[in-house]
J.: 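Structure incoming, see below.
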Amino acid sequence: MTNAVSLHGVRKDFGKLTALSDVTLEIEDNEFFTLLGPSGCGKTTLLRMIAGFENTTAGTIHLFGDEIEHLPPNKRPVNTVFQNYALFPHMNVVENIGFSLRMLGWTAAKIQARVDEMVEMVQLGAFVHRKPSQISGGQQQRVALARAMAPRPKVLLLDEPLSALDLKLRQEMRAELKRLQRETGITFIFVTHDQEEALSMSDRIAVISDGKLQQIGTPFEIYEHPNNRFIANFIGETNMLTATVNAVDGLHVACHLAGGERLNALANCQNLVGANGVISLRPERLSVSKTAPTGDILKGVLGERVYLGTDTQFIVKLSGELKLKVRMQNSIFQGAEFKTGDPVFVTIADDAARFLVD
Amino acid sequence: MAAGTGSGSTVSAIFSPVRLWLLLPSWIVIGFFLLLPVLLMLTYSFLTKEFRGGVIWEFSLSAYDQFLFDRGLFGDEPPVIKWTYINIFIRSILQATGATILCLLIGFPTAYFIATRPMQSRTMWLFLITIPYWVNLLIRTVSMKFLIRDTGPLNELFLNIGLIDAPLHVINTNFAVQLGLFYSYLPFMVLPIYASVERYNFAFSEVASDLYASKITILWSIILPVVKPGIIAGSILVFVPSLGAFLAPDLLGGAKTFMIGSLIEDQFKGNAGNWPFGAAASMILLSLVLVVLMFYARAQERDQT
Amino acid sequence: MNRTFDITHYRGFFGVTCLCLVILYGPLIIVMVYSFNDSLSITNWGGVSLRWYVDIFTGLESAKFKAAAWNSFTIAIMAAIVSTIIATAASIGMIRGGNFKGKFVSFALISLPIMVPEIVTAVATLIFFSTIGFKLGTLSILVAHIVFCIPFAYLPISARLQGIDASYEEAAQDLFANRWMTFRYVLMPIMWPGILAGFLLAFIISLDDFIITNFIKGAGIETLPTAIFGSVKQGIKPNIMALSTLLLLFSIALVTLSYFIGKRGEVTQKLQQ
């Protein structure tokens, strides 16, 4: 089966600046695929190259098997939802949505029918004759969506479409977008810097940093098995402990920390004896207790605690300058008996530790 | 330096494949009907004059020579610098500067005021400002002449209300000419400044005010730099035409306020004309203007780096 | 009672604006008033009369004025149309054509007619026409007018275009519009106030022009400015006042018309779908 979008060795230079280097990835049909990364990492540039607004300096882009990187945007069956929506200010909602269909030469009757469909889909019936300046940000966003989806594109590109919305609206729209993607079966390529958004909506995520592809995987894979330090840090929260590998057993490694503590972790490659790196521990996979746990032992002193409603976050000071963030659910854990300054043990959940090479 | 994120950029390359076709008409028209003629004029300034206007195609430096030097009645005495023509040039520069400053003083507050009116009334204000400019420049200059004459309505009014004892002799003075120039070119100052101020986002003023800046400070440090392109454009649009102006000096000035425009015009009238000299004087005027413009361009570049 | 704080308000600016309007309209109003002066003399008031208006249309000089008016207006319309089209194309090429070598030179060339003083342009054009033997007349005037109208049309058009976010055009292309359709359906409707402003400016400039026209018109052709100048040189006559007033009223009517056309344009777009 041909993939929806294939990129091979894609590179983009702006003069001396390399925005993207050697990006190779496959996006499957009917997938909700997210490009995730911090500002300036090149994800928007990549999206624009798929749309056709930027040329590739090197590499190829295929859409369902056809090479498209030499085609202008208006010849590619992909459509874009712009970050600032770019709704035509002199046209009303109906005219905006129907624009692509007019350009494609559809008959007036067909245009009307399709536009009605789209208006129904995004529920903007009451506003059809308003101009963009007369509707709210959230409504504009839905118009932008309807406009891009009206011509039935094979792939829909979304450039941080939710970033201008406030929190509540953003959360509502996330569910909306997910639903739309599932119902229409269109491949969505979604760009965002918000990792929560990426995790909650995507079938797969491509993490990009500094113009390079860091990792591709499902939200679970990215979160549980990050390939490197950057990804572990960027997605969710984590503790990083400098460690050296003593012994190896398949992908399991036995390490020691700077302060001498022993820890077992899971690595993502073999033959790491003697390697230097970090062990990543997610705060929610740790717990504090007064009694020593079985397995790896981390001993420390309880520092500040922060009440967060659903969880409480503890800081535990280990040997040296090392501090661990521990997060425990309030519904399960009664922390009343713990006081700042108490000696505590930190328990690590099974298979929660990850060893990442520097 | 990246080519925009897809939102907020205004320079783009969408039409670049066809840009040659888009630009060619203007290049051809202006190149052939202005650039070429100016080069031809340059050539003429080095030719010999024909007695009844026109030229003989013979190389001669006499046009430029005549401009600067006085070689006596028969043209064979050692050259003495003649200040007559040079003075005319200097006077023209001063007059143009005066007019520009007048336009700026009145034009900037006006443009700013209009740009800060509510959207609906803005058009009306611009209307009001531009309507007079639909009236022929000649008529406006004549009406200004009519107004400020010694026996004109303005003096009559002032005399009647006791503001002055004797009529203000404004006509035929330098000030009259400047007034005329100011009156001629004011909208060219107002409109570009208006366009700049209109694009200015007053959220900046609000932020500055929130950070304790006074309105004067805001005007000077924030608004003016943003509006500067408009001010510069407006100033050029007033200064340059004023420099070579003909009508205002001719109708409102007198012998004492003779300016370049009249000098050049004289050279092409009928049989007394001296085409090479007129061409030479035009070349000198043009060079002056180009120097001014180059300074502006350099200053702009420096500002932007 | 404290006045609400308005960050945009500066004391005295309103006053200056009013002063500006007084200065602008004063001389013209005076001319209008005196155009109804019954007396032959300019300076003394002799009662209200329409005689000078009658004189323009039927008096000694009426034929001259009519011919001049016809020339002025036809040349102005043609010059404005041609120069606006050329200027619109040029501004799209400059502002949406990406960065290219020679962009600065191109801009300098387009602005050349404004940069060069009118008298210099007049002399150069006269010399040029005389050298190539181009007959002086209406056509020579039209050609010269088109040249100097281009940058005047270019300025407001390009200013407007500069202020338009390029993302509209990208969106249009994304939605299958080719370049022409992008211009026609997206760019031009948003640009059109600038284009109209450019057209009007070009029209005014052409109508108003005296120096260049005077130089290259040749004998026998008059435009309104040259005809009026010729008459004024012999002394300010009352019929000139009347003619001026007519022109003034005509101009106002024209501007008002274009204003309402602009407004109607917006409404028509709304009704189109």
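Just so it is clear: chains get the letters A, B, ... in the order the sequence lines come, proteins before strands, and each one is counted from 1.
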J.: Checking heavy atoms, do the side chain of W125(B), its backbone, both or neither come under 4.5 Å from chain C?
T.: side chain
J.: Tell me, for L22(B) versus chain C, whether the close heavy atoms (under 4.5 Å) come from the side chain, the backbone, both or neither.
T.: both
J.: With only heavy atoms counted, which part of L112(C) is less than 4.5 Å from chain B, the side chain, the backbone, both or neither?
T.: both
J.: Nearest heavy-atom pair of T17(C) and P109(B): which atoms, and what distance?
T.: OG1-O, 4.0 Å
J.: How about L247(B) and F229(C): do any of their side-chain heavy atoms sit closer than 4.5 Å?
T.: yes
J.: Find the one option among L191(B), D250(B), L179(B) whose heavy-atom pairs under 4.5 Å with chain C are most numerous.
T.: D250(B)
J.: Please look at V38(B) and chain C and tell me whether the side chain, the backbone, both or neither of the residue comes under 4.5 angstrom of a heavy atom of that chain.
T.: both
J.: Name the option with the most non-hydrogen atom pairs under 4.5 Å to chain C; the candidates are G107(B), G244(B), S143(B).
T.: S143(B)
J.: Counting only heavy atoms closer than 4.5 Å, note whether L187(C) contacts chain B via side chain, backbone, both or neither.
T.: side chain
J.: Which bit of F32(B) comes within less than 4.5 Å of chain C, counting heavy atoms only: side chain, backbone, both or neither?
T.: both
J.: Quick one: which of T182(C), I205(C), L21(C) has the most heavy-atom pairs under 4.5 Å with chain B, could you say?
T.: L21(C)
J.: Can D208(C) and R140(B) be said to form a side chain to side chain contact (heavy atoms under 4.5 Å, CB included), step by step?
T.: CA-CA 11 Å; D208(C) 235 14; R140(B) 279 184 277 134; 3.1 Å; yes
J.: Given heavy-atom pairs under 4.5 angstrom as the criterion, report whether the side chain, backbone, both or neither of L186(B) touches chain C.
T.: side chain
J.: Tell me which of these, P37(B), S16(B), P192(B), has more heavy-atom pairs under 4.5 Å with chain C than the rest.
T.: P37(B)
J.: Given the options L20(B), L293(B), V29(B), L128(B), which has more heavy-atom pairs under 4.5 Å with chain C than any of the others?
T.: L128(B)
J.: Which residues in residues 145-155 of chain C have any heavy atom closer than 4.5 Å to a heavy atom of chain B?
T.: I146(C), V147(C), I150(C), F152(C), L155(C)
J.: Is a side-chain N or O of Y25(C) found less than 3.5 angstrom from the main chain of I129(B), in a donor-acceptor match?
T.: no
J.: Using a cut-off of under 4.5 Å on heavy-atom pairs, state which of V123(C), L24(C), V116(C), I23(C) scores highest against chain B.
T.: L24(C)
J.: Is I211(C) close to chain B through its backbone or its side chain, or both, or neither, when contacts mean heavy atoms under 4.5 Å?
T.: side chain
J.: If you tally heavy-atom pairs under 4.5 Å against chain C, which of L290(B), L34(B), T141(B), L147(B) wins?
T.: L34(B)
J.: If you count heavy-atom pairs within less than 4.5 Å of chain C, which of Y183(B), F188(B), F246(B) leads?
T.: Y183(B)
J.: Which atoms of S130(C) are under 4.5 Å from chain B, going by heavy atoms: the side chain, the backbone, both sets, or neither?
T.: side chain
J.: What is the minimum heavy-atom distance between I14(B) and R179(C), and which atoms define it?
T.: O-CD, 3.5 Å
J.: With a 4.5 angstrom heavy-atom cut-off, could you sort out which part of I85(C) is near chain B: side chain, backbone, both or neither?
T.: neither
J.: Determine the minimum heavy-atom distance between I30(B) and L109(C), stating which atoms define it.
T.: CG2-O, 3.3 Å
J.: Give, for atom CG of L286(B) and atom OG1 of T121(C), the distance between the pair rounded to the nearest 0.5 Å.
T.: 8.5 Å
J.: Please look at N214(C) and chain B and tell me whether the side chain, the backbone, both or neither of the residue comes under 4.5 angstrom of a heavy atom of that chain.
T.: side chain
J.: Please report the C-alpha distance between W27(B) and I86(C) in whole Å, then the side-chain angles of each, then the deciding distance to 0.1 Å, and finally whether the side chain to side chain contact (heavy atoms under 4.5 Å, CB included) criterion is met.
T.: CA-CA 10 Å; W27(B) 288 353; I86(C) 295 181; over 6 Å; no
J.: Decide if atom CZ of F13(C) counts as having more than 12 heavy atoms of other residues, nucleotides or ligands within a radius under 6.0 Å.
T.: yes
J.: Counting only non-hydrogen atoms closer than 4.5 Å, does F14(C) touch chain B with its backbone (N, CA, C, O), its side chain (CB onward), both, or neither?
T.: both
J.: Is it true that a side-chain atom of R19(B) and a backbone atom of G93(C) form a donor plus acceptor pair closer than 3.5 Å?
T.: no
J.: Given the options L224(C), L126(C), L243(C), which has more heavy-atom pairs under 4.5 Å with chain B than any of the others?
T.: L126(C)
J.: Between F33(B) and V143(C), is a side chain to side chain contact (heavy atoms under 4.5 Å, CB included) present by the stated rule, with each step listed?
T.: CA-CA 8 Å; F33(B) 289 106; V143(C) 168; 3.5 Å; yes
J.: Taking it one step at a time, do Y44(B) and F128(C) satisfy side chain to side chain contact (heavy atoms under 4.5 Å, CB included)?
T.: CA-CA 10 Å; Y44(B) 265 52; F128(C) 178 66; over 6 Å; no
J.: In Å, rounded to the nearest 0.5 Å, how long is the span from SG of C20(C) to CD1 of I106(B)?
T.: 6.5 Å
J.: Search all heavy atoms of L105(B) against all heavy atoms of V16(C) and return the closest pair with its distance.
T.: O-CG1, 4.1 Å
J.: In a check of side-chain contact (heavy atoms from CB on, under 4.5 Å) between P117(C) and each of I260(B), V289(B), I264(B), L288(B), which one passes?
T.: V289(B)
J.: With a 4.5 angstrom heavy-atom cut-off, is it the side chain or the backbone of V120(C) that approaches chain B, or both, or neither?
T.: both
J.: Among residues 236-243 of chain B, which residues come closer than 4.5 Å to chain C, judged by heavy atom distances?
T.: I236(B), L237(B), V240(B)
J.: Can you tell me which of T88(C), V31(C), T131(C), I132(C) forms the most heavy-atom pairs within a distance under 4.5 Å of chain B?
T.: T131(C)
